[in-house]
Amino acid sequence: MEHEHDTSAAEGEEYDFATIQKKWQPVWEDLAPFATSDPDDTRPRKYVLDMFPYPSGDLHMGHAEAYALGDVIARYWRHQGFNVLHPIGWDSFGLPAENAAIKRGIDPRGWTYDNIEQQKKSMKLYAASFDWDRELHTSDPEYYKWNQWLFLQMYKKGLAYRKDSWVNWDPVDQTVLANEQVLPDGTSERSGAVVVKKKLTQWYFKITDYADRLLDDLQQLEGHWPAKVLSMQRNWIGRSQGADVDFAIEGRDEPVSVFTTRPDTLHGATFMVVAPDADLAAELAAGSTPEVQAAFQDYLVQVQKSTEMERQATDREKTGVFLGRYAINPVNGERLPIWAADYVLADYGHGAVMAVPAHDQRDLDFALAFGLPVRVVVETTGPDTTGADTTDAAGEADPAASDPAVTGVALAGEGRLVNSGELDGLTKGDAIARMIELLEQRGTGRAATNYRLRDWLISRQRYWGTPIPIIHGEDGSEIPVPEDQLPVLLPPTEGLDLKPKGTSPLGAATDWVNVPNPIDGTPARRDADTMDTFVDSSWYYLRFLNPNDDTQAFDPAEARRWAPVDQYVGGVTHAILHLLYARFITKVLYDLGYITFIEPFTALLNQGMVLMDGAAMSKSKGNIVQLSQQLEEHGVDAVRLTMAFAGPPEDDIDWADVSPVGSAKFLARAWRIARDVTSAPGADPATGDQALRRATHRFLADAPGLVEAFKFNVVVARLMELVNATRKAIDSGVGPADAAVREAAEVTALTLNLFSPYTAEDMWQHLGHEPAVALVPWRTADPALLVEESVTAVVQVDGKVRDRLEVAPTIADADLEEQARASAAVTRAIGERQVVKVIVRAPRLVSIVTKP
RNA sequence: GCCCCCAUAGCCCAACCGGCAGAGGCAGACGACUUAAAAUCGUCGCAGUCUGGGUUCGAAUCCCAGUGGGGGCACCA
C-alpha cells in the first residue's frame, strides 16, 4: 500500500489530524467503502437519509452537526452487518441562486454548479459516509423531467388544478408563497418581507383531499418521530369537527351555510357575521340601502388596507358594519341581523359564521362593541373555564357574576343546555350530536369537518425551477404536455431578464413560450411559471434508488427493496413544510400504485441547532462560527466528535459550552493507545487482563443500545471511560503487550469510526489491519465477561442507606436478607424499633421498614 | 387563549422497570515530568435533583399545583 511509508509507528510519532486526513481521503476514494451498487448483496438493508442540502457555497456548522449525527447512524448499521444506503444530493433549484445570478449578471446554473463542486469537496473532507455514485441534482433536466411527470400524474387525477384566489405575495422576491412559507408574524420565511395578499390565478396541489390521512397516519409514526413534529403537523392540519348550518336569508333565494363547532348553541345565535372580503358580503351589501353600500365600501377599503400583521393582532378592537340584511335561524325562526366584520376569514369554512356571543369570546367581544344581544344557552357548571370567581363573599352563586354580558367572558366550558327547546337539559356533547340529527332530519344542516390546512400553492413567478408542463390554448384550454415530450427544458438565460417583476421571466422567452397546440397545431403558450422547489424534495428519496434511470422516475422494484426510509435525519425547520409535502406525495404515489407504503420516513431524528453564546448564529449578531476555521484548528474528527458528544442530538449545542480542544485531546489519547500496542494482530484476548476485558465487553454490550436510542453523547462518554481504563492498564502492570489491551484498542478504533473516522482508520492501521475499519463487523460481547464477580448491595432502614454489602450477584433473597440483618450498622439503625416489613431485591437492595 | 416539551455540581450533561444522585467532558485547584513552559500523566466532587404537596418501604424518575425557560397553533367559528 503506497501510503505505508508515512505510517510506521516510529518512536515519538505524534497525533496530527492534518496528516491523517490527507492520508486517508484518497484511500477511501479508491475503496469506495460505502457504495451500494452490488445487486447480489444479500445483507439486510437499511436506508439512512440525511436531508439533502441547498448548495449555498460551503458547509456551515448546522450541516456539520446534521451530517455528523446521520453518519453515526449509517456507520453503525454497517458495522451491524447491514447493507446501508446513505445517499446524498443537491436541492439545487431555488431563489438564492437566481438572486445571486441577478446580482452578478450571470447564469444561475454556473453559480449553482460551482457551489456544488465546492461543497462536495468539503463534504468529502468531512468524511460523511455517502454513496457518491447516487449523487443527484434537482436542477438537472434528468431530475426535473420527473417532477413534470409527477405533476402530470397529479393533473390526471385532478390533484393539480388552477384557481383564482387570494394568495400570499412576497413583494421582495416578487413571487407567490405557500401558506407554509409565511411565518406566524406575516413575513416571508425566505426574504423576510411582509407578505401581502394578491388575487391571482395559480396552480395548486390538492393536499386538502389528503388532510384526514395526513392527520390520522401520524399515529403510525408515534414513538418514531419527535413528539414535537407530530404535534406541529397536527396543529397545522387543524381538523375541527362540527356542522354546517343553512340559514335562509331574507330577500335571497339561496340559503347561506355557516360552519360551527358548536351546533348545540344554535338557539343562542343572535346575529350573523360574514367576512368583508368574501363575495357574499359584497352581494348582501349590494342588495341593501345606498347608505349601507357606502358604509360597506368604506369598511372594505379600510380592511384591505390593513396588513396581514395588523389583522392578526389578537387584541385589536373589533370592527364591522351592519349590512341591513337578516338571516333566519333555522331552529327557531328568529331574525338575525347580518354584519360584515374582519374577524371572520373569507377562506375558512364558508366565510360566514353564526355568532353566539354567550359562548364564543370573539362573538362576545363583537356583541359588546356593537350593543348586540347576548343569550346564554349552556348553563356552565361551577367556576367558568377562565377561573374567574363566580361566587360572592357568602359563597352563594351569583347569576349576574357569570353573565357574559356583564363579565365580558364567554362561557365555553361544559354544562347543560337551557333556553334551547328540546335540547334543554342535555350535556354539551349530547346536545351537539342531537342538534346535528335534528338539522339533518329537517334538511337545514349536516355534520361537517373543516381544516386549517389549505391547498398547496405550487406556482412560482421565477426562473430557476421546474417549468410547469402545461400549454394554454388560445381558447383558454389547458393541454398537458405529452409525457413523451418531457422534459420541458428551461430556456437558456441569454436575452432573458431574470429580475423579479411580478410575472415569470419565462414569459419573455418568446421562442420558448410560443408553441403550437399539441392537439390541433393552433398557436398556444407554455405555462410560464415554475414549481415550488418543495415539489423537488417531496419525492427525492425515491430518486436515489436509481438516480440515472431515464425511463422512469424511480423503479418500483427498488422501492420495494429499500423504501421507505428507515431513518431520516434533519433539522426541525422542516417539521411542517417539507415533511408534510413528502408525506402527501408519498400517499399520492401509493394511490397511483407505484409504491406499497404510505409514509416515506419510518423514523425521524431532528438534530438541534448550533448556537453561539446562547443565540442562533447570524451576521447581524456577529456570532458566526466558521466551520472551515474549526476544521482547520481542531480537525474534522474533533469537530464531528464534539457534535456527537455535546449532548442529546435533539438539543441545541451552544458552541461556547463545548470543547473541540477537549475532543482533540481525547482523540490523541485514543490514538496513542493504538500506537503503544505491541502485541501482534490476532493475539488471543482470552490470555489478557481480565479486568480490562470486562470493561471492554461491558462497553460492547451497552454501546449498541445506546446508539440505537440516539444517546451518542453517552456512547462517547463510555468510550472515554474505556480509553481511560486502557491507558491505566498500559501504564500499570498490565503493559502494552497484553492481549486485552489490543482488544480494547481495536474496539476503540471500531467505535471511533462512528464519530471520528480518520483517527479510527489510522488507529486500525497502527493495530496492523487493512482499511477500511468501516467495513469491520461489530464485535459481540462475551456473556461470560459480563457477569460481575461481586456487587454492592444496599441496605436501607426506613428509606435511609445504613450499610453496603459486597455479595455474589447470584445471591438468594433469603441469604441477602440474613446478611443485612446481621449487619451491625443495620441493627444499630433499627435499635428498639419493631421491623414491620422487609423488601429484598437481590442482589442490589434490602429495605427494612420499622415502627416504634 | 389552546396545546406540547424541559429544569440534576460553576458550565455541558449521565443515572435501565421507581432502588447507592455521578459515567464522561469543560472550567478550576494541587502534584509529577521539565532549567522553564507547552504537551502528557496523576489526584481532587457535601449539588441532594426548580418550588410546594401527594403516592410508595423507597421518588431526579409517577401524580397534582405552581415558578422559570423553550416551542407549536391562534380572531380557524
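Residue numbering restarts at 1 for every chain, and letters A, B, ... go by the order of the sequence lines.
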Using whole Å, report how far [atom1] of [X] lies from [atom2] of [N].
X: A/Leu579; N: B/G72; atom1: CG; atom2: C1'; answer: 15 Å
X: A/Phe645; N: B/C13; atom1: CZ; atom2: P; answer: 11 Å
X: A/Arg727; N: B/G24; atom1: CZ; atom2: C1'; answer: 18 Å
X: A/Asp676; N: B/C41; atom1: CG; atom2: C1'; answer: 13 Å
X: A/Arg672; N: B/C41; atom1: CZ; atom2: P; answer: 5 Å
X: A/Asp702; N: B/C16; atom1: CG; atom2: P; answer: 12 Å
X: A/Leu719; N: B/A14; atom1: CG; atom2: P; answer: 17 Å
X: A/Phe755; N: B/G24; atom1: CZ; atom2: C1'; answer: 13 Å

Work out how far the [atom1] atom of [N] is from that of [M], and round it to whole angstrom.
N: B/G72; M: B/C17; atom1: C1'; answer: 32 Å
N: B/A23; M: B/A32; atom1: C1'; answer: 26 Å
N: B/C13; M: B/U67; atom1: P; answer: 25 Å
N: B/U56; M: B/C64; atom1: C1'; answer: 16 Å
N: B/G22; M: B/G10; atom1: P; answer: 16 Å
N: B/A59; M: B/U51; atom1: P; answer: 15 Å
N: B/G25; M: B/C63; atom1: P; answer: 34 Å
N: B/A14; M: B/C62; atom1: P; answer: 15 Å

Legend entry - Under 3.5 Å donor-acceptor, A/Thr260 side chain and A/Arg262 backbone: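 Checking the backbone N and O of A/Arg262 against the side chain of A/Thr260, a donor-acceptor pair under 3.5 Å is found.
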
Legend entry - Close side-chain approach of A/Val741 to A/Pro736, heavy-atom, < 4.5 Å: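 Heavy-atom side-chain distance check fails, nothing below 4.5 Å.
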
Inset, instruction - Would you check if A/Val229 and A/Leu221 make a side-chain contact, meaning some heavy-atom pair closer than 4.5 Å? - result: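 No, every pair of side-chain atoms sits at 4.5 Å or beyond.
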
Can you figure out which of [options] approaches the side chain of [X] most closely?
X: A/Met720; options: B/A14, B/U40, B/G25; answer: B/G25
X: A/Ile576; options: B/A14, B/C13, B/G72; answer: B/G72
X: A/Asn713; options: B/A77, B/G24, B/A14; answer: B/A14
X: A/Asn235; options: B/C73, B/A77, B/G24; answer: B/C73
X: A/Asn724; options: B/G24, B/A77, B/C11; answer: B/G24
X: A/Glu721; options: B/A23, B/G42, B/A77; answer: B/A23

Inset, instruction - For B/C17, decide between syn and anti, treating a glycosidic angle within 90° of 0 as syn. - result: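 In terms of base orientation relative to the sugar, B/C17 is syn.
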
Legend entry - Where the chi angle of B/G53 falls, syn if within 90° of 0 and anti if not: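 Anti conformation for B/G53.
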
Could you please name the partner base of [N], counting Watson-Crick and G-U wobble pairs only when both distances are under 3.5 Å?
N: B/G42; result: B/C30
N: B/C73; result: B/G1
N: B/A65; result: B/U51
N: B/C16; result: none
N: B/U35; result: none

Using a 4.0 Å heavy-atom cut-off across all strands, classify [X] as base, sugar-phosphate, or nothing.
X: A/Arg718; value: nothing
X: A/Arg454; value: base
X: A/Ala227; value: nothing
X: A/Thr792; value: base

Legend entry - Option passing side chain to side chain donor-acceptor pair (under 3.5 Å) with A/Asp702 (candidates A/His697, A/Arg718, A/Lys711):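 Of the listed options, the one satisfying the test is A/Arg718.
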
Legend entry - Aromatic ring pairing A/Phe370/A/Phe366, orientation class (parallel under 30°, perpendicular over 60°, tilted between):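 It falls in the tilted class, 30° to 60°.
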
Inset, instruction - Check whether more than 12 heavy atoms from other residues, nucleotides or ligands sit under 6.0 Å from atom CD of A/Glu222, and answer yes or no. - result: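 Check passes, neighbour count above 12.
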
Legend entry - A/Thr261 and A/Gln241 side chains, donor-acceptor separation under 3.5 Å: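 No pair is found: no donor N or O on one side chain lies under 3.5 Å from an acceptor on the other.
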
Inset, instruction - Give a yes-or-no answer on whether the side chains of A/Asn450 and A/Ser240 include a donor-acceptor pair shorter than 3.5 Å. - result: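 No.
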
Pull out every protein N or O sitting under 3.5 Å from an N or O of nucleotides 54-59 of chain B, one pair per line with the distance.
from, atom 1, to, atom 2, distance (Å)
B/C57, OP1, A/Lys837, NZ, 3.4
B/C57, O2, A/Ser847, OG, 2.6

Inset, instruction - Hey, could you give me the CG/CG distance between A/Asp657 and A/Leu611, rounded to the nearest 0.5 Å? - result: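 With rounding to 0.5 Å, CG (A/Asp657) is 9.0 Å from CG (A/Leu611).
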
Legend entry - For A/Asp455 against A/Ile207, the heavy-atom pair lying closest together: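 Looking at all heavy atoms of both residues, the closest pair is OD1-N, 3.2 Å.
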
Legend entry - Residue met sooner reading RNA chain B from 5', once A/Arg262 and A/Val658 are mapped to nucleotides: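 Its nearest nucleotide being more 5', the pick is A/Val658.
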
Inset, instruction - Name the residue closer to the 5' end of RNA chain B, choosing between A/Asp365 and A/Val801 according to the nucleotide with the nearest heavy atom. - result: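 Counting from the 5' end, the first nearest nucleotide belongs to A/Val801.
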
